[in-house]
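Each remark here refers to the structure printed beneath this line.
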Amino acid sequence: MTSIPVAPRIRIRGAAKRFGAVHALRAADLDVHAGRVHALVGENGAGKSTLVKILAGAETADAGTVEFDGRGVQLSSTSEALSLGISTVWQEPQLFDELTVTENIFTGRELRKGIVVDWRRQREEVGRLLDLIGLSGHLATVPVAELSIAQAQQVPIAKALAQDASVLVLDEPSAILTDAEIEVLFGVVRKLTARGVAVVYISHRLDELFRIADEVTVMRDGRTVGTWGIGDLTVRRIAELMVGGAIDEHVRRDAVPDPGAPVVLELDDLTGPGYSGVHLRVRAGEVVALYGLVGSGAAAIAASLWGMVTPASGRVLLEGRPVRPRSPKEAQATGIALLPADRKREGMFSFQSIAFNVSAGHIGMLSRLGLWFDRRREREVARSMVQRLAIKTPSERQAIGAMSGGNAQKAVLARQLVRRPKLLVLEEPTQGVDVGAKEEIHRLVAEVAGDGTAVLVVTSDLPEALRVADRVVVVRGGATTAEFGRDATQVDVLAAAAGDDALARGSRS
Ligand SMILES: Nc1ncnc2c1ncn2[C@@H]1O[C@H](COP(=O)(O)OP(=O)(O)OP(=O)(O)O)[C@@H](O)[C@H]1O
Ligand SMILES: [Mg+2]
């Protein structure tokens, strides 16, 4: 009697993983079947990447079991997982920029003719794979550094295909792809499942799951909440399961902004690279959150505010006057203060003291005589800011790079506030900072708005958007698609951002 393969290709039970005090995974179960696409969803930090790292042998679980075709396996290294045909495209793929696409794909497992590398066969193989994923075969010999971001993103997918995967894990492959590129990706995924490959697909774009997934497992706080057939779900239902019973935190500032306060920032039909037809208003004393999933276009809109990208059409009005900053410096000169997401690169001078960082760019104001830089005054301003922001540091002379993320972030913010800006734009202000510092930054945002400054918080952290903002404007596909007031719930906003069109149309303000 021939046996019917009833066992799933992969079965994970009770997977748990701690990183120090962080419980990344508490109890995760997952069944993935050959020839099917299994979507894994959950809010940021739910444990999705950790679970697939265990599957890929990149992390060892503290507890739990993994079965492959019904047999228990120990996956203690990525090469063991690879030998079973488990290939992973990581959320942040590591490519060697100076190497060609072919070299990236075959490094460490070169095809050989005798003892020499068979370059021709490698190139041909890569050409075929690139073809399959919708890229031109001639890119095989091009260094990765010369590819577009979207093209580079597909290289790890080609690499996974070269490994003849029986299980392919894709950790957020679509975050930065355009709709056309996603279509090609889905085409590849469908070809693979038709050949019997089991696919695990992690994504925050819930709407696209309805075009590709067979089953959906929802994760929350390191646990798998459950698994459903895609036909039993809607975007809204998934959003509810992701958020769970979590009560929306309405820990907001009490002050309600004056609806008649002057409009400080207005974006009027703004169109540029990565966004189009954007409308937005922020009044004096108001906190508006621009919320979108990674790749939504919210970051591009922010970049155009500080002159990093130039809008193609439409207007940016500051207190009613059109402005067109062409650099962060020009943006600052018009009264816009900025706290960029990548504070390491753009925001601060790590080797300099807090005093220097707080006062950087304010030399004119600080130098009483207008001729030379007044160090005593620099330290005075820094000390008062350190106090106001409750920055934990032994001295304002300490180098900023040596501070914790949260404190460094506050120091960079301090520098922006010295100028009393009309508009403060913060991008992912609490990314990577601890809970305490997060609270303080949120409190500070409320305080700055209380002083009459207009504040725009660009964030992909939903609880943050709801906590700090008087209004939440949702960005999806490069456009502002929905707007919510103080009665916003996590489920409503998440569903709008993740592609619930009914909700986007019926938006409230
Ligand atoms: N190497 C690590 N050291 C410490 N903490 C970690 C490590 N890896 C993950 N974590 C923490 O474990 C939790 C789960 O992280 P994980 O990356 O699995 O989440 P995720 O669901 O993939 O989130 P995202 O949607 O943001 O990618 C988070 O709180 C994260 O900060
Ligand atoms: Mg992840």
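In listed order, ligands and their atoms are each counted from 1. Numbering of residues begins at 1 and proceeds along the displayed sequence. In what follows, every heavy atom counts, from backbone to side chain, and hydrogens, waters and symmetry copies are set aside.
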Do you see a donor-acceptor pair shorter than 3.5 Å between the side chains of [X] and [Y]?
X	Y	answer
T102	T100	no
S203	E208	yes
T224	D29	no

Do any N/O atoms on [X] end up under 3.5 angstrom from N/O atoms on ligand 1?
X	value
F19	no
K53	no
V22	no
E59	no

For the pair [X] and [Y], find out whether any cationic side-chain nitrogen is under 4.0 Å from an anionic carboxylate oxygen.
X	Y	value
R26	D221	no
R471	E286	yes
E240	R236	yes

Shortest non-hydrogen contact from [X] toward [Y]:
X	Y	value
V32	A198	CG1-CB, 3.8 Å
E80	S83	O-OG, 2.7 Å
I12	A28	CG2-O, 3.7 Å

Can you tell me which residue and heavy atom of the protein come closest to [atom], and the distance to 0.1 Å?
atom	answer
atom 12 (O) of ligand 1	A24 CB, 3.2 Å
atom 26 (O) of ligand 1	N44 ND2, 3.0 Å
atom 18 (O) of ligand 1	T50 OG1, 2.6 Å
atom 27 (O) of ligand 1	Q91 NE2, 3.0 Å
atom 23 (O) of ligand 1	G45 N, 2.8 Å
atom 17 (O) of ligand 1	S49 CB, 3.6 Å

### Task
Tell me, please: is G42 in heavy-atom contact with ligand 1, that is, under 4.0 Å?
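Flag not set, G42 not near ligand 1.
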### Query
Any N/O/S of T50 under 2.8 Å from the Mg ion (ligand 2)?
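No.
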### Query
Under 4.0 Å from any heavy atom of H204, which atoms of ligand 1 are there?
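Once the distances to H204 are compared, the set is 25 (O).
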### Query
Protein heavy atom under 4.0 angstrom of atom 31 (O) of ligand 1, is there one?
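So far as the 4.0 Å threshold goes, atom 31 (O) of ligand 1 is out of reach of every protein heavy atom.
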### Query
Right, does atom 9 (C) of ligand 1 have protein non-hydrogen atoms nearer than 4.0 Å?
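Under the 4.0 Å cut-off, atom 9 (C) of ligand 1 does have protein heavy-atom neighbours.
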### Task
Flag yes if more than 12 heavy atoms outside D31 fall under 6.0 Å of its CG atom; otherwise flag no.
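Enclosed.
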### Task
Name the option, out of K48, R220, K17, that contains the heavy atom nearest to atom 21 (O) of ligand 1.
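Result: the heavy atom closest to atom 21 (O) of ligand 1 is in K48.
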